Amino acid sequence: TFIDVSESKFDDKNKSIVNFRQQILDDHIKLTDEVIDVKVVDQLVSHPSCGAISTFNGVTRDNHGGRDVSNLSYDCHDLMAYKKLRGICAEIRAEYPDVKKIAIFHRLGKVDIGESSVIISTSSPHRKTAIQATEKCIDLLKEHAPIFKYEEYSNGEVDGVWKSNIEDSKQ
Amino acid sequence: TFIDVSESKFDDKNKSIVNFRQQILDDHIKLTDEVIDVKVVDQLVSHPSCGAISTFNGVTRDNHGGRDVSNLSYDCHDLMAYKKLRGICAEIRAEYPDVKKIAIFHRLGKVDIGESSVIISTSSPHRKTAIQATEKCIDLLKEHAPIFKYEEYSNGEVDGVWKSNIEDSKQ
Amino acid sequence: MISIKVLFFGEACQLVGKREEAIDFPEETDYEEIRKTILENYPALQKIEKVMMLAVDQEYANPGDRFELVRFTEIAVIPPLSGG
Amino acid sequence: MISIKVLFFGEACQLVGKREEAIDFPEETDYEEIRKTILENYPALQKIEKVMMLAVDQEYANPGDRFELVRFTEIAVIPPLSGG
């Protein structure tokens, strides 16, 4: 973890230390090639002050556009993705100040059909914030995180395809 | 499970049987005094055709209005609650036709601080539907389900309080 | 008059001290008459009378509704909802 | 001219066949010049040239941006995003 000390927010040292500490303690970002689990992510964001946890679980489907998916894998610019995801957490907290904790887990490498590709959870005292924050989080991840999905299909004839969120959202 | 055969939808028998079957298979409603778990609920709504699962986890907080909560419990008109929750599922499906599965789990009786009171999951091919359907589901449950929360506080002086969603939403 | 099963939930159950009681009502009646009759039988419910609802055969009833009560009709006293 | 580490991700990595390469650029340069230089070195990237982006020091760059490259500057070729 690194801090860009050229940012103006570091003019106020105390606030910066508080922000930094919050990031370390309350924003949980994980990029991993191991299986990720909704229970683990939900637990990470739980807090006695929070009555609401909203979780988005993106699961690998068995089909896309009528073709059967046989294999799915993710490439990623890890260091840049961590940076972008930390920035997304900061943006979420600015928009929803009563978010308590955020967790963003993303699988890298091969993901089997039916397994989770991405799990995002946020917690807050009441439900509206958590629901909106989690939705915004997945939207921002898809828009800004340097993560790349490769799908291969069962019907041997067609090469694998690198997906594009922008293209998908046009359909 | 019972069907009210006086409803007009039963004029079309085939459609009714399909609807009934769908309800049994794809709408999972559980009222229980046993611990409920996000992993179980998430698994229930998973389906190979669905890329998105959105889960709302309502957790018992350790405080309300500045007072420390020592005990929380739910009373419920079970049979009527099942009926209302089935109706909520039908309403969700009418508004969001691409919802695949719905699960609504609610604890009855005593719930310890930090445990889940309610867990709602929906699944759909893409994220927008699941996120919106789950949110609508918890909103409708709070508005229509005959379930009643009783909170007791740590400071011995104050009697327990029966909560009201309408009152809470005014604050 | 007909004897009808009346169920009490949440705070209503706590105030009345019971889950279920049989109460006599006119066979042809309405929401307001049912309400009044229940309150006469269980004055403890006055505490929540402004916020309680009635459900007849597991459907929320409204002021102005008329009912023909039969042997298996179920009436429930429903305090403010607080599920979820 | 200065030798800069260029990283390739996703389809760019598949087309180039490598994750990382050193490429020479003018020390003072701009987005368009960086793009052109990379494409000249790796014509296989033409397949995605219309949709690929560049990131400089892990920030997305835009046409018109000017850069002063130093030894540790990192340039990354970023195909369309498909995370989540």
Side-chain angles (χ1 to χ4, degrees), chain A residues 2 4 6 29 31 56-60 64 72-88 104-108 111 116-120 134-152 159-170, chain D residues 4-23 25 31 34-35 37-39 41-63 65-84:
Chain A
F2 57 91
D4 178 351
S6 64
I29 298 165
L31 305 169
F56 177 76
N57 180 8
V59 185
T60 60
H64 191 101
L72 190 138
S73 59
Y74 288 94
D75 190 18
C76 177
H77 184 349
D78 302 54
L79 290 176
M80 187 177 170
Y82 268 114
K83 192 172 167 179
K84 285 294 167 196
L85 293 172
R86 291 230 172 268
I88 285 169
I104 305 174
F105 278 35
H106 205 296
R107 282 286 292 277
L108 303 180
V111 184
S116 299
S117 302
V118 61
I119 301 173
I120 293 175
T134 292
E135 177 172 22
K136 182 119 200 186
C137 223
I138 180 65
D139 286 350
L140 291 175
L141 181 151
K142 282 181 168 282
E143 199 179 335
H144 300 293
I147 302 173
F148 314 93
K149 185 199 297 190
Y150 186 66
E151 275 182 2
E152 290 169 287
D159 292 328
V161 171
W162 289 97
K163 309 301 297 176
S164 163
N165 288 339
I166 288 181
E167 281 310 306
D168 284 354
S169 69
K170 287 179 187 165
Chain D
I4 298 292
K5 177 169 84 174
V6 179
L7 304 176
F8 303 94
F9 292 98
E11 186 158 20
C13 182
Q14 188 182 48
L15 290 167
V16 164
K18 288 177 241 206
R19 170 68 92 209
E20 181 173 333
E21 266 296 353
I23 298 179
F25 299 93
Y31 184 93
I34 294 175
R35 228 182 66 89
T37 308
I38 291 172
L39 283 161
N41 278 268
Y42 295 99
L45 290 174
Q46 277 163 26
K47 183 185 179 211
I48 59 167
E49 71 166 304
K50 290 198 174 67
V51 292
M52 73 192 206
M53 294 182 288
L54 299 175
V56 177
D57 289 337
Q58 302 177 3
E59 289 296 336
Y60 294 114
N62 296 297
D65 288 350
R66 302 197 56 82
F67 300 98
E68 286 196 29
L69 306 180
V70 298
R71 199 152 67 105
F72 298 111
T73 302
E74 173 200 288
I75 294 174
V77 177
I78 306 281
L81 307 183
S82 41

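Only a predicted model underlies this, so the values are computations on that prediction, with no experimental measurement involved. Chain naming here is simple, since letters A, B, ... match the order of the sequence lines and numbering starts at 1 in each.
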Residues in salt bridge (charged side-chain N to carboxylate O under 4.0 Å, His left out) with D:E49, at least two apart? D:R35

Between OH on residue D:Y60 and NZ on residue A:K84, distance to nearest 0.5 Å: 6.0 Å

Can a salt bridge be assigned to the pair D:R19 and A:D75 using a cut-off of 4.0 Å between side-chain N and carboxylate O? yes

A:Y74 meets the ring pair (Phe, Tyr, Trp, His ring centres under 6.0 Å) criterion, sequence neighbours left out, with A:H106

Nearest 0.5 angstrom please: D:E11 CD to A:K163 NZ, how far? 11.5 Å

Just jot down the salt bridge (charged side-chain N to carboxylate O under 4.0 Å, His left out) partners of A:E143, sequence neighbours excluded, or say none. none

Heavy atoms, side chains only, cut-off 4.5 Å: are A:K83 and D:E59 in contact? yes

Listed by number, the residues in residues 77-84 of chain D that come under 4.5 Å of chain A (heavy atom to heavy atom) are D:I78, D:P79, D:P80, D:L81, D:S82, D:G83, D:G84

Heavy-atom contact with chain A under 4.5 Å, split by part of D:Q14: side chain

